[in-house]
Structures are given as structure tokens and as C-alpha cells.
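First up is the structure itself, then whatever we jot down about it.
For this chain, numbers begin at 1 and follow the sequence in order.
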Amino acid sequence: MSDVLLVVVDAANVVGSVPDGWWRDRRGAAERLRDRLAADGVPGRDGPLEIVLVVEGAARGVSSVPGVRVESAPGSGDDHMVELVAGAGGERPVLVVTADRELRRRVSELGAEVAGPRTVRP
């Protein structure tokens with residue numbers, strides 16, 4: 001069992017949690033979130049982390065950087081995040097960052113911890 005925390009971040013939900021004009025440049029907003037995660041990690045979470053930022057729609061194609069793997073969801077971002085959590089198979093701790101109620105329910109059923117957007121975006 002790996003003790004490295006897998007942090008799955010719902011880019012669209014986190015970016016959309018602050019009305020700062022993100023809708024004019026969804027890709028740029030996702031890149032800024034990626035860069036913040038790479039620089040700051042997840043406040044309050046010590047120890048090794050594997051951060052996966054899941055993007056969809058206009059933000060598809062954002063590249064990974066050291067410290068943050070970016071995955072472009074081929075379809076539904078929510079479904080992709082559920083697949084990532086299921087792929088961890090309960091063998092490691094998982095934290096999903098989203099405010100989406102249905103996604104929170106789905107990943108909680110798979111044993112993931114959930115936290116809201118403010119966890120990574122003040």
C-alpha cells in the first residue's frame with residue numbers, strides 16, 4: 001500500500017468557484033490553477049503528494065508541469081475523476097477537491113476523502 005496521497009482536483013469546479021473572469025479564458029484559468037498547485041501543493045497536507053488536475057472542455061490540452069500531472073478528460077470530467085479514484089483501488093489515500101455534490105457522493109462511495117475548492121484556492 002502506498003502512503004503517497006493522491007490528490008485529484010476538479011479544475012472546472014475549482015476555477016469556477018471564484019467569479020474572477022475565468023470564463024473569458026478557461027485554459028488560462030486552468031494553467032494558473034496548475035501553477036498555483038505546483039508552487040503551493042495542498043495547504044495543510046504534509047508529506048508526499050501526487051497531484052492530478054483533471055481538465056475538460058476548453059481547458060483540454062493544458063500540459064503537465066513538475067509536481068502536477070494534468071489529465072484531459074476524454075469525456076465527462078466527473079467520470080474521469082471517478083475512474084482515477086477507482087484505479088487507486090483503496091490501496092492508497094485519495095483526496096478529491098470539488099464542490100460538486102454528485103461527484104463528492106460518487107468518490108466518497110469509493111473511499112476517497114473530499115474537500116472543497118478553498119482547500120487549494122483561497
Checklist outcome for this item: Closest heavy-atom pair, Ala58 versus Arg27, reported as atoms and distance to 0.1 Å, is O-CB, 3.8 Å
Checklist entry - Minimum heavy-atom separation for Trp22 to Ala29, with atom names? => result CB-CB, 3.8 Å
Next on the checklist: So which atom in Ala115 and which in Thr119 form the shortest heavy-atom distance, rounded to 0.1 Å?
Outcome noted: CB-OG1, 3.2 Å
Next on the checklist: Once salt bridge (Lys or Arg N to Asp or Glu O under 4.0 Å) is applied, do any residues pair with Asp20, and if so which ones, sequence neighbours excluded?
Outcome noted: Arg121
Checklist outcome for this item: Contacts of Arg105 meeting side-chain hydrogen bond (donor to acceptor under 3.5 Å, both in side chains) (sequence neighbours excluded), chain-then-number -> Glu102, Glu109
Next on the checklist: Minimum heavy-atom separation for Ala73 and Ser76, please, with both atom names.
Outcome noted: CB-O, 3.9 Å
Donor-acceptor pairs under 3.5 Å, side chain of residues 8-15 to any protein atom, not counting sequence neighbours: which ones?
residue, atom, partner, partner atom, Å
Asp10, OD1, Asn13, N, 3.3
Asp10, OD2, Thr98, OG1, 2.9
Asn13, OD1, Ala99, N, 2.7

Next on the checklist: Donor-acceptor pair, distance only, cut-off 3.5 Å: does the side chain of Arg34 make one with the backbone of Leu53?
Outcome noted: no
Checklist entry - Are any side-chain N or O atoms of Ser72 and backbone N or O atoms of Val55, one a donor and one an acceptor, separated by less than 3.5 Å? => result no
Checklist entry - Are Val52 and Val7 close enough that some pair of their side-chain heavy atoms sits under 4.5 Å apart? => result no
Item to check | Pairing residues for Glu56 by the salt bridge (Lys or Arg N to Asp or Glu O under 4.0 Å) criterion, not counting sequence neighbours | outcome: none
Checklist entry - Is any side-chain heavy atom of Leu37 less than 4.5 Å from a side-chain heavy atom of Asp35? => result no
Checklist entry - Can you get from Val120 to Leu5 by hopping between Ile, Leu, Val, Met, Phe, Trp and Tyr side chains that sit under 4.5 Å apart? => result yes
Next on the checklist: Would a single hydrophobic cluster contain both Val54 and Val62, if residues Ile, Leu, Val, Met, Phe, Trp and Tyr are joined by side-chain heavy-atom contacts under 4.5 Å?
Outcome noted: no
Item to check | For Ala38, side-chain contact (heavy atoms from CB on, under 4.5 Å) partners two or more places apart | outcome: Val65, Val68
Next on the checklist: Among residues at least two apart in sequence or on other chains, which ones pass side-chain contact (heavy atoms from CB on, under 4.5 Å) with Ala112?
Outcome noted: Val85, Val94, Val96, Val107
Checklist entry - Is there a path of hydrophobic side-chain contacts, each under 4.5 Å between heavy atoms of I, L, V, M, F, W or Y residues, that connects Trp23 with Leu33? => result yes
Checklist entry - Any donor and acceptor pair, going by atom type alone, linking the side chain of Ser17 with main-chain N or O of Pro117 inside 3.5 Å? => result no
Next on the checklist: Going by side-chain hydrogen bond (donor to acceptor under 3.5 Å, both in side chains), name the residues that satisfy it together with Arg106, two or more places apart in sequence or in a different chain.
Outcome noted: Asp79
Item to check | Flag, side chain of Ser108 to backbone of Arg104, donor-acceptor distance under 3.5 Å | outcome: yes
Checklist entry - Are Val70 and Val42 connected in the hydrophobic side-chain network, where two residues link if heavy atoms are under 4.5 Å apart? => result yes
Checklist entry - With sequence neighbours excluded, what pairs up with Asp25 under the side-chain hydrogen bond (donor to acceptor under 3.5 Å, both in side chains) test? => result none
Item to check | Test salt bridge (Lys or Arg N to Asp or Glu O under 4.0 Å) applied to Arg45 - qualifying residues, sequence neighbours left out | outcome: Glu113
Item to check | Nearest-0.5 Å distance that lies between atom CG in Leu6 and atom CD1 in Ile51 | outcome: 10.0 Å
Checklist entry - With sequence neighbours excluded, what pairs up with Glu50 under the side-chain hydrogen bond (donor to acceptor under 3.5 Å, both in side chains) test? => result Arg69, Arg92
